[in-house]
Student: 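Have a look at this one before I ask anything.
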Amino acid sequence: MEFFTADMHFFHAELLKSKHFSPRPFQDLASEHAALIERWNNRVKPSDTVYHLGDFAMLNGIKPPKHAFELVYQILMQLNGHIVLVKGNHDSRDLFKFLMQHNPDLADGKKKFTFSDVGLIVKAHHHQFFLTHYPLILGPSKSSINLHGHIHHDQVPLASNLNVGIDSADFEYLSESQRPVWGTPLNLDEIDALIQSKQVALAEV
C-alpha cells in the first residue's frame, strides 16, 4: 500500500507551543515522537511505501551535524516501510547525503530510503498526483492533484491542492469519523475522500 504525509518536524520543540501553526497535542518531544512512531507503524507495514513530502525533522541547535543526522536516522529506522523523502525547506542535502550512505536493504530488495530534491509524480486511483513540499498551482484539470505540505494549518482554496501535512487544515473537510488519528499517514482511500469533500465544499462557496 501507499501512504502520504508531510511536516512531521521531529525535534522541533518550538512547534509544541506555537500559536501560528496548528497546536500539537503533546507536552514534550519525547511524547510526540513516541506517538508519531506508534501511529505510523499502526498503519504502515514493512512492505508498504510512505511518501513524506518534506520537513521530516528540525535540527537547528543540535550539534555537531553528524550527531543530528544520527538522531534522524534512529527515528527513521523505527518507522515501517520504504520511505520516499521529498526535500522540504528544513531538510538539508547534507542530511540526505548521510542517509544515502546509511541506506539499508529491505526484505524485498528495495533500499529503505529514496530521495527527491523537488518532487515526483505518482499515478493511482485515476489521478496523477504531483508530490511536492511546496504547493503548486496546476490550473484546471480533471485528474491532476497536488499533494503537498509546508503550509501547516493553512490551505490552498483549490480542489486540486491537498495539504497532507500532519497538522493540515484540509482535514477539516472530513467528518470527525472520517479523520485519521492525528499524525497518521493517509492512504489513497482517505486521499480520495478528501478530494471529493473539498470539491463539494468549494463548489458550494
Side-chain angles (χ1 to χ4, degrees), residues 1-92 95-96 98-99 102-104 106-107 110-115 133 147 149-153 163-172 174 176-187 189-191:
M1 289 187 68
E2 296 173 310
F3 296 87
F4 306 84
T5 190
D7 296 315
M8 299 190 86
H9 278 250
F10 283 100
F11 303 103
H12 194 174
E14 290 81 1
L15 271 190
L16 298 178
K17 302 175 183 178
S18 173
K19 295 181 180 179
H20 177 67
F21 298 110
S22 178
R24 298 199 165 204
F26 301 96
Q27 294 298 314
D28 54 71
L29 285 178
S31 299
E32 182 188 42
H33 289 184
L36 287 172
I37 293 167
E38 179 183 21
R39 291 169 189 183
W40 178 300
N41 289 337
N42 281 345
R43 303 203 89 188
V44 179
K45 297 178 181 177
S47 58
D48 293 332
T49 295
V50 182
Y51 296 90
H52 187 280
L53 306 185
D55 288 2
F56 185 81
M58 184 74 166
L59 301 176
N60 291 357
I62 303 177
K63 306 293 182 183
K66 184 180 178 183
H67 175 58
F69 300 160
E70 288 170 345
L71 291 175
V72 174
Y73 180 78
Q74 291 167 15
I75 293 285
L76 284 163
M77 291 306 297
Q78 295 177 68
L79 300 174
N80 287 341
H82 169 62
I83 304 173
V84 181
L85 293 163
V86 175
K87 186 179 179 298
N89 53 301
H90 294 300
D91 300 315
S92 72
L95 169 62
F96 279 16
F98 178 89
L99 296 174
H102 302 79
N103 196 356
L106 299 177
K110 290 182 179 178
K111 290 291 187 181
K112 176 70 174 177
F113 313 120
T114 301
F115 308 93
H133 179 60
L147 305 183
H150 184 59
I151 57 176
H152 293 266
H153 198 60
N163 180 1
V164 298
I166 60 174
D167 45 14
S168 168
D170 279 344
F171 296 159
E172 294 170 7
L174 298 175
E176 289 285 348
S177 62
Q178 290 177 305
R179 290 178 199 173
V181 176
W182 190 92
T184 304
L186 302 176
N187 62 36
D189 289 337
E190 289 162 337
I191 296 291

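When reading the values below, keep in mind they use all heavy atoms of this one structure, side chains included, and skip hydrogens, waters and symmetry mates.
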Student: Determine whether a donor-acceptor pair (N or O, by modelled atom type, separation under 3.5 Å) exists between the side chain of His12 and the backbone of Met58.
Tutor: no
Student: Please report the shortest heavy-atom distance between Ala57 and Val72, naming the atom on each side.
Tutor: CB-CG2, 3.8 Å
Student: Look at the side chain of Asn103 and the backbone N and O of Phe98, then say whether any donor-acceptor pair between them is shorter than 3.5 Å.
Tutor: no
Student: To the nearest 0.5 angstrom, please state how far the CG atom of Leu76 sits from the CG atom of Leu85.
Tutor: 6.0 Å
Student: With rounding to the nearest 0.5 angstrom, report the CD to CG distance, Gln178 to Asp189.
Tutor: 11.5 Å
Student: Between the main-chain N or O of Glu32 and the side-chain N or O of Arg24, is there a donor-acceptor pair closer than 3.5 Å?
Tutor: no
Student: Say you draw a straight line from OG of Ser168 to NE2 of His152; how long is it, rounded to the nearest 0.5 Å?
Tutor: 10.5 Å
Student: Testing the basics here: between Gln78 and Asn41, what is the closest heavy-atom pair and its distance to 0.1 Å?
Tutor: O-ND2, 2.8 Å
Student: Would you check if Met77 and Pro104 make a side-chain contact, meaning some heavy-atom pair closer than 4.5 Å?
Tutor: yes
Student: Do His153 and Asp167 pass the side chain to side chain donor-acceptor pair (under 3.5 Å) test, and can you show the C-alpha distance, the side-chain angles, and the key distance before you say yes or no?
Tutor: CA-CA 6 Å; His153 198 60; Asp167 45 14; over 6 Å; no
Student: What's the spacing between Leu106 CG and Ile83 CD1 if we round to 0.5 Å?
Tutor: 9.0 Å
Student: Is it the case that the side chain of Asp170 and the backbone of Asn163 share a donor-acceptor pair, with hydrogens and angles ignored and the cut-off at 3.5 Å?
Tutor: yes
Student: Is a side-chain N or O of Asn187 found less than 3.5 angstrom from the main chain of Phe3, in a donor-acceptor match?
Tutor: no
Student: Below 4.5 Å, heavy atoms only, C-beta onward: do Ile191 and Val164 meet side chain to side chain?
Tutor: yes
Student: Minimum heavy-atom separation for Leu29 to Leu16, with atom names?
Tutor: N-CD1, 3.7 Å
Student: State, with a plain yes or no, whether a side-chain heavy atom of Leu71 is found less than 4.5 Å away from one of Phe10.
Tutor: no
Student: May I ask you to test the Thr114-Thr49 pair for a side-chain heavy-atom distance under 4.5 Å?
Tutor: no
Student: Are Pro185 and Tyr51 side-chain neighbours, meaning at least one heavy-atom pair lies under 4.5 Å?
Tutor: no
Student: Does either side chain, that of His150 or that of Asn89, offer a donor lying less than 3.5 Å from an acceptor on the other one?
Tutor: yes
Student: CG/Leu36 to CD1/Ile75 distance, rounded to the nearest 0.5 angstrom?
Tutor: 8.5 Å
Student: Kindly give the heavy-atom pair with the smallest separation between His82 and Lys111, and that separation in Å.
Tutor: ND1-O, 2.8 Å
Student: Using a 3.5 Å distance criterion without hydrogens, assess whether the side chain of Asp48 forms a donor-acceptor pair with backbone atoms of Met1.
Tutor: yes
Student: Answer yes or no: is there a donor N or O on one side and an acceptor on the other, between the side chain of Trp40 and the main chain of Asn80, under 3.5 Å?
Tutor: yes
Student: Less than 4.0 angstrom from a charged side-chain N to a carboxylate O is my criterion; do Lys17 and Glu14 meet it?
Tutor: no
Student: Shortest non-hydrogen contact from Phe69 to Leu59?
Tutor: CD2-CD1, 4.0 Å
Student: Assert yes or no for the condition that the ring centre distance of His90 to His133 is strictly below 6.0 Å.
Tutor: no
Student: Between His33 and Phe26, does the ring centre distance come in under 6.0 Å?
Tutor: no
Student: Taking Lys112 for the side chain and His102 for the main chain, is one N or O donor matched with an acceptor at less than 3.5 Å?
Tutor: no
Student: Report yes if some heavy atom in the side chain of Val50 is under 4.5 Å from a heavy atom in the side chain of Leu79; otherwise report no.
Tutor: no
Student: Tell me whether Asp91 contacts the main-chain N or O of Phe56 through its side chain, where contact means a donor paired with an acceptor under 3.5 Å.
Tutor: yes
Student: Answer yes or no: is there a side-chain heavy-atom contact under 4.5 Å between Phe115 and Val86?
Tutor: no
Student: Minimum heavy-atom separation for Pro180 to Leu186, with atom names?
Tutor: CG-CD2, 3.3 Å
Student: Keeping Arg39 on the side-chain end and Val181 on the backbone end, is there a donor-acceptor pair under 3.5 Å?
Tutor: no
Student: Suppose the criterion is side chain to side chain donor-acceptor pair (under 3.5 Å): which pairs have a residue in residues 62-76, not counting sequence neighbours?
Tutor: none
